[in-house]
Amino acid sequence: MSWQAYVDTNLLGTGKIAKAAILGQSGGVWATSTGYTLSQQEQAAVLSAFSKPDETQANGIRLSGTKFFTIQTGERSVYGKKAADGCLLVKTKQAVLVAEYAAPTQAPEATTIVEGLADYLISVGY
């Protein structure tokens, strides 16, 4: 399956994820939803969010020009919120899944989808 298919089918195709991208941990965008553009600065911040959790917690997460307040950081996952919408960053062995969800989707629904895809990618070496 192509990286774009993971975005289109496994994330957007669920109807629970509004926008998504897959970034390589070494840099670069592997796949993205249509019209979802992360600047170089945003990509760098996403990749450093896991190694600098205090900075991420203090500054929030900016994705495609939208700022989210960081509500949780961990070694594998970072969660953000903006009003009723939210975002998830989930690290695998080689990639970072970036996903945004919009109301009426709730955080637990989106988290199950994105973390589930991350588990699968880790299980196959990515």
Side-chain angles (χ1 to χ4, degrees):
M1 186 179 283
S2 74
W3 293 111
Q4 190 62 49
Y6 287 119
V7 168
D8 294 341
T9 304
N10 298 73
L11 297 173
L12 301 178
T14 65
K16 302 291 182 185
I17 303 299
K19 303 172 189 173
I22 301 175
L23 306 180
Q25 285 190 30
S26 299
V29 177
W30 292 1
T32 186
S33 53
T34 304
Y36 191 54
T37 304
L38 302 176
S39 70
Q40 290 295 332
Q41 185 178 1
E42 290 170 340
Q43 291 175 45
V46 164
L47 296 175
S48 70
F50 303 95
S51 61
K52 300 177 181 176
D54 293 339
E55 187 176 306
T56 303
Q57 195 75 45
N59 297 330
I61 305 160
R62 188 171 296 276
L63 301 173
S64 195
T66 301
K67 184 174 181 181
F68 295 86
F69 292 99
T70 306
I71 56 174
Q72 181 180 334
T73 59
E75 289 182 13
R76 173 180 145 144
S77 304
V78 176
Y79 304 131
K81 196 85 170 139
K82 179 179 180 168
D85 303 337
C87 70
L88 300 92
L89 312 176
V90 184
K91 185 168 70 167
T92 68
K93 291 179 179 179
Q94 298 181 37
V96 175
L97 306 180
V98 178
E100 291 187 35
Y101 60 91
T105 300
Q106 297 292 309
E109 296 172 288
T111 300
T112 300
I113 292 162
V114 181
E115 295 277 0
L117 179 56
D119 288 341
Y120 170 74
L121 291 174
I122 289 167
S123 77
V124 295
Y126 287 101

Without swapping roles, check the side chain of [X] against the backbone of [Y] for a donor-acceptor pair under 3.5 Å.
| X | Y | answer |
| --- | --- | --- |
| Gln43 | Gly27 | no |
| Glu42 | Ser64 | yes |
| Glu115 | Val90 | no |
| Gln25 | Thr92 | yes |
| Thr9 | Tyr6 | no |
| Glu100 | Ala20 | no |

Taking all non-hydrogen atoms of both residues into account, name the closest pair between [X] and [Y] and its distance.
| X | Y | answer |
| --- | --- | --- |
| Gly24 | Leu47 | O-CD2, 3.7 Å |
| Ile17 | Ala99 | CG2-CB, 3.9 Å |
| Leu12 | Ser33 | CD1-CB, 3.3 Å |
| Ala102 | Asp85 | CA-OD1, 3.2 Å |
| Glu109 | Lys16 | OE2-NZ, 3.0 Å |
| Ala84 | Ala103 | CB-CB, 3.6 Å |

Between [atom1] of [X] and [atom2] of [Y], what distance do you get to the nearest 0.5 Å?
| X | Y | atom1 | atom2 | result |
| --- | --- | --- | --- | --- |
| Thr37 | Lys19 | OG1 | NZ | 10.0 Å |
| Leu117 | Ile122 | CG | CD1 | 9.5 Å |
| Phe69 | Lys81 | CZ | NZ | 12.5 Å |
| Lys93 | Ser123 | NZ | OG | 8.5 Å |
| Phe50 | Arg76 | CZ | CZ | 9.5 Å |
| Ile61 | Leu89 | CD1 | CG | 4.5 Å |

Is there a path from [X] to [Y] through hydrophobic residues (I, L, V, M, F, W, Y) whose side chains come within less than 4.5 Å of each other?
| X | Y | answer |
| --- | --- | --- |
| Val46 | Phe68 | yes |
| Tyr36 | Ile22 | no |
| Val114 | Val7 | yes |

Do [X] and [Y] come within less than 4.5 Å of each other through their side chains, counting heavy atoms only?
| X | Y | value |
| --- | --- | --- |
| Leu88 | Tyr101 | yes |
| Tyr120 | Asn10 | no |
| Leu38 | Val29 | no |
| Ile113 | Leu11 | yes |

Notebook entry, point to check: Which class fits the ring pair Trp3 and Tyr126: parallel under 30°, tilted 30 to 60°, perpendicular over 60°?
Noted result: perpendicular
Next item on the list: Compute whether any side-chain donor of one residue and acceptor of the other, for Glu55 and Ser48, lie under 3.5 angstrom apart.
Entry: no
